[in-house]
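This report refers to the structure that appears directly beneath it.
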Protein chains: 2
Amino acid sequence: MKDLGREPEHVKMAPRVVVGRVSLYLRQLEAFQRQGYTTISSSQLGAPLSIKNAQVRKDLACFGQFGHPGVGYRIDDLIGALRRALGIDRDWPLAVIGLGNLGRALLGYRGFRTRRFKIVAIFDSDPAKVGQVYEGLTVEPLENLKKAATSGKIHLGLLCVPAESAQRVADQMVHAGITGILNFAPVPLTVPPQVNVVTVDLSVQLENLAYKVLKGQEGLLARGTLPALVGDR
Amino acid sequence: MKDLGREPEHVKMAPRVVVGRVSLYLRQLEAFQRQGYTTISSSQLGAPLSIKNAQVRKDLACFGQFGHPGVGYRIDDLIGALRRALGIDRDWPLAVIGLGNLGRALLGYRGFRTRRFKIVAIFDSDPAKVGQVYEGLTVEPLENLKKAATSGKIHLGLLCVPAESAQRVADQMVHAGITGILNFAPVPLTVPPQVNVVTVDLSVQLENLAYKVLKGQEGLLARGTLPALVGDR
DNA sequence: TAGATTGTTAATCGATTAACAATC
DNA sequence: TAGATTGTTAATCGATTAACAATC
């Protein structure tokens, strides 16, 4: 028989897929809040996202008991509870690593600012870029990253360098003490287990989309409802 | 008893999750190819991606029989077969809709160009932007989209407008005949079923990352191996 | 041949959905 | 109270993994 008494040391971590859905619930809740609603049922919350009410309740139950039988969920309370649960009830200072086109785009991305993700520093290894000022931030040499990270000013890094240098720069980020990397380079990174990486590979997303479009059209073609749109050159 | 004889009309479409993995296999295969390998086993292909050999074989089997027992897969053949299966053995002309920071970044994104995704037009509803030239392309008014789409020049659109106007512009794209939308606005879009949408919500990704970092650190904290990095202001 | 590796079937695992007693 | 909706258990579904005969 296993020693179950000592289990609680494990941090109960909701599955990745649940965390993703909770982000969506949060957006939906904010939309309902803006419309003036004060309470909401699991069915109402799930409907616009095409998620079943049982799924909604089970996901929320991962983080605690927020609902009131017969009534539903109080929107203000639920938003607060979910933000706390996701850890976004505080500021998250970000660093942009690599100031190419993508890095500049992220500097201006409002989706971060409205969610307490704040870009507070820019690093680049190109001496020609160091010292330039964008959005009120001066580009610093990559060597400065360690100081910023160890002083606790920065926890997450947006890795925006070309694929060729991504692993090398990621190694430097790890060495500097960064524990979370949002990776935009289309290569899988190798990092120690205590470092967290989420890769956003836009060409993977586009390939997914192309496949859906292609298959969808073949499906329609098979039923003879659409002229050929793909494959004709 | 159901009429099984008429089933084949359905297009057998590999599950979304399989298509995502196949994109990763493709990148890995190209890496092995560059290193000079000519054949590869399911174990070798899966290892760098932390995917089990059985999973690799099962995923590939969705698209046909490509392997040779006792030998493995011939890399050149497999790359060709997978590209065909995913529909990326042809050019996919793209339109950028909305020329803000993000739109400009995508114009310069090499990850697209190297995979036969080609941005061939830019549309914006802001008259001040129409007529400007970026990367050799002249910004056109949104009304021109329909002509470009129906002439078959464009199948996929990269939607890069602010959240507030995303649904309105998506409606125009649908009306113009675009069948695939890569949506960068952090709002879920409502579109007819024959239109395919993939949403890339960067703040959802960042929220996932923040959660992992937070939980990872709590885990380490609980075991007393790390000083507090989060929550101190 | 002996060794390696496939494609596929069966077993396992985890996630989604349905159902319902408990509650307001 | 009657109606609504929760949290949770049990049933269903789908995806992952293991195992192995067939093959080179």
Side-chain angles (χ1 to χ4, degrees), chain A residues 2 7 10-25 28-29 32 37-82 85 208 211, chain B residues 2 7 10-25 28-29 32 37-82 85 208 211:
Chain A
K2 289 272 190 62
E7 280 294 336
H10 261 295
V11 178
K12 58 186 169 199
M13 185 151 155
R16 174 87 192 268
V17 61
V18 172
V19 177
R21 280 197 298 262
V22 169
S23 283
L24 301 178
Y25 298 151
Q28 200 60 55
L29 285 165
F32 277 112
Y37 290 84
T38 57
T39 63
I40 195 175
S41 72
S42 54
S43 304
Q44 289 174 293
L45 179 53
L49 302 164
S50 306
I51 296 174
K52 295 258 188 314
N53 57 34
Q55 178 92 265
V56 172
R57 292 198 299 278
K58 205 147 207 268
D59 286 345
L60 298 181
C62 289
F63 300 98
Q65 290 204 174
F66 309 121
H68 305 278
V71 180
Y73 300 85
R74 291 200 40 217
I75 291 182
D76 295 1
D77 294 353
L78 187 55
I79 288 177
L82 294 181
N208 276 237
Y211 181 76
Chain B
K2 288 276 190 62
E7 280 294 336
H10 262 294
V11 178
K12 59 185 168 203
M13 182 152 157
R16 174 87 194 269
V17 61
V18 172
V19 177
R21 280 196 300 262
V22 169
S23 283
L24 300 178
Y25 299 151
Q28 200 61 55
L29 286 165
F32 278 112
Y37 290 83
T38 56
T39 64
I40 195 175
S41 72
S42 54
S43 303
Q44 288 174 293
L45 179 53
L49 302 164
S50 305
I51 296 173
K52 296 259 188 314
N53 57 36
Q55 178 92 266
V56 172
R57 293 199 298 279
K58 204 144 206 269
D59 287 344
L60 298 181
C62 290
F63 300 99
Q65 291 202 178
F66 309 120
H68 305 277
V71 179
Y73 301 85
R74 290 199 41 216
I75 290 180
D76 295 2
D77 293 354
L78 187 55
I79 288 177
L82 293 181
N208 276 238
Y211 182 76

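Chain letters run A, B, ... following the sequence lines, proteins first, then strands; residues in each count from 1.
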Run the side chain to side chain donor-acceptor pair (under 3.5 Å) test against B/S43 and tell me which residues pass, sequence neighbours left out.
B/N53
Those residues at least two apart in sequence (or on a different chain) that pass ring pair (Phe, Tyr, Trp, His ring centres under 6.0 Å) with B/F32 are B/Y37
Per-pair distances, 0.1 Å, donor-acceptor, side chain in residues 16-25 of chain A, under 3.5 Å, sequence neighbours excluded:
residue, atom, partner, partner atom, Å
A/R16, NE, B/N208, OD1, 2.8
A/R21, NE, A/D59, OD2, 2.6
A/R21, NH2, A/Q55, OE1, 3.1
A/R21, NH2, A/D59, OD1, 3.0
A/R21, NH2, A/D59, OD2, 3.3
A/S23, OG, B/E207, OE1, 2.5
A/Y25, OH, A/D59, OD2, 2.7

Who are the salt bridge (charged side-chain N to carboxylate O under 4.0 Å, His left out) partners of B/D77, not counting sequence neighbours?
B/R74
Looking at residues at least two apart in the chain, or sitting in another chain, which of them share a side chain to side chain contact (heavy atoms under 4.5 Å, CB included) with [X]?
X: A/A81; result: A/F66, A/R84
X: B/T38; result: none
X: A/D76; result: A/Q33

So where does chain A start and stop touching DNA chain D, 5' to 3', when the test is distance under 4.0 Å to a non-hydrogen atom?
D/dA4 to D/dT9
Got a sec? Which of residues 43-58 of chain B come in under 4.0 Å of DNA chain D, heavy atoms?
B/K52, B/A54, B/Q55, B/R57, B/K58
Looking at every strand, decide which applies to A/R16 at a 4.0 Å heavy-atom threshold: base, sugar-phosphate, or nothing.
nothing
Quick one: the dot-bracket string of DNA chain D, using Watson-Crick and G-U wobble pairs with both distances under 3.5 Å, [ ] for crossing pairs and | for bases paired to another strand.
..||||||||||||||||||||||
Position toward the 5' end of DNA chain C (nearest nucleotide), A/P69 or A/R21
A/R21
Using atom types as modelled and distance alone, determine if a side-chain donor or acceptor of A/Y211 lies under 3.5 Å from a backbone N or O of B/A85.
no
Scan residues 61-73 of chain A for pairs that pass side chain to side chain donor-acceptor pair (under 3.5 Å), counting only residues two or more places apart or in two chains.
none
Residue pair B/L45 / B/I51, side-chain heavy-atom distance below 4.5 Å:
no
